[in-house]
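Quick notes on the structure that follows.
Computed from a predicted model, the values in this text were never measured in an experiment. Keep in mind that the numbers below use all heavy atoms, side chains included, and drop hydrogens, waters and symmetry copies.
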Amino acid sequence: MNVKVYILARPHFDESYRTFLREFLPSGEDIWRESDESTPAERLVEFAGRICYMSFGPRQSPSTNAEYIRKLIRNGHDSVLEHAVWTVLLSGISRAFSHQLVRHRVGFSYSQLSQQYHDESATRFLRPAELAQFPDLAEIWDRAVVGSQTAYREILAGLAAKNEHLNDRREAVRATRSAARSVLPNSTETVVVTTFNARSLRHFLRVRGNIVGDSEMRCVSAALLEAIGPEGPSLFFDFSIQHPPDGFPLVVPAPNPSMT
Ligand SMILES: Cc1cc2nc3c(=O)[nH]c(=O)nc-3n(C[C@H](O)[C@H](O)[C@H](O)COP(=O)(O)OP(=O)(O)OC[C@H]3O[C@@H](n4cnc5c(N)ncnc54)[C@H](O)[C@@H]3O)c2cc1C
């Protein structure tokens with residue numbers, strides 16, 4: 001599988017917070033002692049958490065950023081994690097996978113390649129990795145998708161000719177592609193831009209990352225954790241990637257964050 005995650009946008013933590021602290025708190029209490037090693041996403045989450053209790057200056061505990069965020073997670077103050085937001089482009093994924101992805105409604109936004117506005121005549125199909133070691137089955141699969149693609153092209157060309165008389169060209173093309181796409185398989189490659197936050201990604205990884213029989217979901221989950229994890233290690237400290245003998249990664253959440 002060749003899933004790719006391109007990070008298009010990531011948290012930026014602006015230094016304007018200093019002005020706010022100076023204006024809001026008495027002199028001497030307006031200081032936030034920060035951990036040197038934290039990322040913009042981690043700084044943002046810690047700052048948002050501290051705002052709730054105005055725990056700056058003498059009210060700040062000696063916790064590091066990592067300790068602070070782990071405590072938030074342990075205590076279930078997950079809403080603070082929603083401030084850390086990323087936008088990524090996913091490629092090398094199938095329509096079967098994207099259909100599962102978009103079931104995640106809360107804290108996710110999506111923009112997906114349209115099969116009505118885009119001609120899919122040259123689309124690629126993603127052969128399930130499970131077939132790689134069985135050439136006889138791979139050959140059946142190859143034949144099926146070639147058949148689908150041929151049918152797609154023939155229906156597209158045939159309907160376009162029959163719809164030539166229609167005045168509304170835009171809707172005629174939409175109708176033609178809509179009919180033709182109905183023969184494309186679940187393995188048709190797609191592209192999705194998705195925006196999520198640390199909380200919604202954590203939920204996704206927890207419920208999707210270690211479903212043993214879903215290799216594509218496992219690969220995408222691992223690719224997401226590999227891409228986003230370093231952006232905020234403390235936000236994902238309780239997830240790890242395992243590499244079992246079947247060759248597909250598993251994203252494994254710690255059973256209880258408080259135990260790690
Ligand atoms: C192993 C597996 C098998 C599945 N099989 C099927 C299947 O056969 N058919 C199928 O249709 N789907 C299936 N799903 C999809 C599943 O039902 C969910 O739609 C999907 O996992 C999204 O989960 P979610 O609702 O928790 O996520 P989100 O939509 O991102 O929601 C996140 C959380 O917000 C809360 N929430 C969201 N919406 C509401 C609401 N309306 N009311 C109250 N709380 C809300 C819940 O706590 C939820 O967990 C499967 C999922 C898995 C992991």
Side-chain angles (χ1 to χ4, degrees), residues 5 7-88 104-109 194-210 221-242 249-260:
V5 178
I7 301 179
L8 303 179
R10 50 169 53 90
H12 163 78
F13 187 61
D14 200 88
E15 299 304 313
S16 63
Y17 80 88
R18 293 178 197 277
T19 311
F20 162 76
L21 288 182
R22 266 199 311 273
E23 288 173 357
F24 197 81
L25 292 171
S27 176
E29 295 183 20
D30 57 350
I31 293 159
W32 176 25
R33 294 182 307 281
E34 286 200 69
S35 309
D36 290 340
E37 72 286 0
S38 43
T39 66
E42 291 169 327
R43 293 178 73 206
L44 181 55
V45 168
E46 181 187 343
F47 183 79
R50 291 196 177 284
I51 282 292
C52 301
Y53 307 101
M54 217 38 88
S55 52
F56 300 99
R59 294 169 59 83
Q60 178 172 351
S61 72
S63 316
T64 63
N65 172 278
E67 289 164 347
Y68 189 89
I69 291 177
R70 284 175 186 224
K71 199 164 148 195
L72 285 178
I73 292 172
R74 247 193 336 263
N75 293 342
H77 293 170
D78 288 3
S79 64
V80 188
L81 310 184
E82 294 166 17
H83 298 295
V85 175
W86 290 267
T87 300
V88 304
H104 290 266
R105 303 153 289 175
V106 179
F108 278 89
S109 309
T194 175
T195 300
F196 48 77
N197 60 60
R199 184 185 194 179
S200 57
L201 181 60
R202 285 175 55 82
H203 176 70
F204 176 84
L205 296 176
R206 192 170 284 280
V207 298
R208 297 291 194 172
N210 58 357
S221 297
L224 280 168
L225 184 57
E226 273 168 1
I228 304 300
E231 301 264 322
S234 306
L235 299 166
F236 302 97
F237 76 95
D238 46 342
F239 290 89
S240 61
I241 299 177
Q242 293 178 1
L250 273 178
V251 172
V252 181
N256 177 354
S258 63
M259 303 301 285
T260 57

Smallest separation among heavy atoms of [X] and [Y], with atom names:
{"X": "Leu72", "Y": "Asp78", "answer": "O-OD1, 4.3 Å"}
{"X": "Ala84", "Y": "Val45", "answer": "CB-CG2, 4.0 Å"}
{"X": "Glu42", "Y": "Asn65", "answer": "O-ND2, 3.0 Å"}
{"X": "Pro230", "Y": "Leu225", "answer": "CD-O, 3.9 Å"}
{"X": "Gly107", "Y": "Ser200", "answer": "O-OG, 2.9 Å"}
{"X": "Pro253", "Y": "Asn210", "answer": "CD-ND2, 3.7 Å"}

So do the side chains of [X] and [Y] get within less than 4.5 Å of each other, counting heavy atoms only?
{"X": "Val106", "Y": "His203", "answer": "no"}
{"X": "Pro233", "Y": "Thr39", "answer": "yes"}
{"X": "Phe237", "Y": "Ile69", "answer": "no"}
{"X": "Val88", "Y": "Thr194", "answer": "yes"}
{"X": "Leu205", "Y": "Arg208", "answer": "no"}
{"X": "Ile7", "Y": "Ile228", "answer": "yes"}

Close aromatic pair by centroid cut-off 6.0 Å: Phe47 and Phe13: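 Yes, the ring of Phe47 comes within the 6.0 Å limit of the ring of Phe13, centre to centre.
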
Assign the ring pair Phe108 / Phe196 to parallel, tilted or perpendicular, where the plane angle (0 to 90°) is split at 30° and 60°.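 Because their plane-to-plane angle lies in the 30° to 60° range, the rings of Phe108 and Phe196 count as tilted.
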
For the atom pair [atom1] ([X]) and [atom2] ([Y]), what is the distance rounded to the nearest 0.5 Å?
{"X": "Arg206", "Y": "Ser221", "atom1": "CZ", "atom2": "OG", "result": "13.0 Å"}
{"X": "Glu37", "Y": "Thr64", "atom1": "CD", "atom2": "OG1", "result": "6.5 Å"}
{"X": "Ile31", "Y": "Ser27", "atom1": "CD1", "atom2": "OG", "result": "7.5 Å"}
{"X": "Leu235", "Y": "Ser38", "atom1": "CG", "atom2": "OG", "result": "10.5 Å"}
{"X": "Leu201", "Y": "Glu231", "atom1": "CG", "atom2": "CD", "result": "11.0 Å"}

Go through the steps to decide whether Asn197 and Glu82 satisfy the test side-chain contact (heavy atoms from CB on, under 4.5 Å), and finish with yes or no. CA-CA 5 Å; Asn197 60 60; Glu82 294 166 17; 3.9 Å; yes

Using the side-chain contact (heavy atoms from CB on, under 4.5 Å) rule, take Val5 and Glu226 through it: C-alpha gap first, then chi angles, then the decisive distance, then the call. CA-CA 9 Å; Val5 178; Glu226 273 168 1; over 6 Å; no

Kindly write out the residues that satisfy salt bridge (Lys or Arg N to Asp or Glu O under 4.0 Å) with Arg50, not counting sequence neighbours, or none if the list is empty.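 Listed in chain order: Glu46.
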
Can Phe20 and Ile51 be said to form a side-chain contact (heavy atoms from CB on, under 4.5 Å), step by step? CA-CA 11 Å; Phe20 162 76; Ile51 282 292; 3.7 Å; yes

Do Arg74 and Glu67 sit within salt-bridge range, that is, some charged N less than 4.0 Å from a carboxylate O?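 Here Arg74 does not pair with Glu67 in a salt bridge, since their nearest N and O are not under 4.0 Å apart.
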
Mind running side-chain contact (heavy atoms from CB on, under 4.5 Å) on Glu29 and Phe56 for me, showing each step along the way? CA-CA 6 Å; Glu29 295 183 20; Phe56 300 99; over 6 Å; no

Would you find more than 12 non-hydrogen atoms of other residues, nucleotides or ligands less than 6.0 Å from Phe24 atom CZ?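 Open: at most 12 neighbouring heavy atoms sit under 6.0 Å from CZ of Phe24.
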
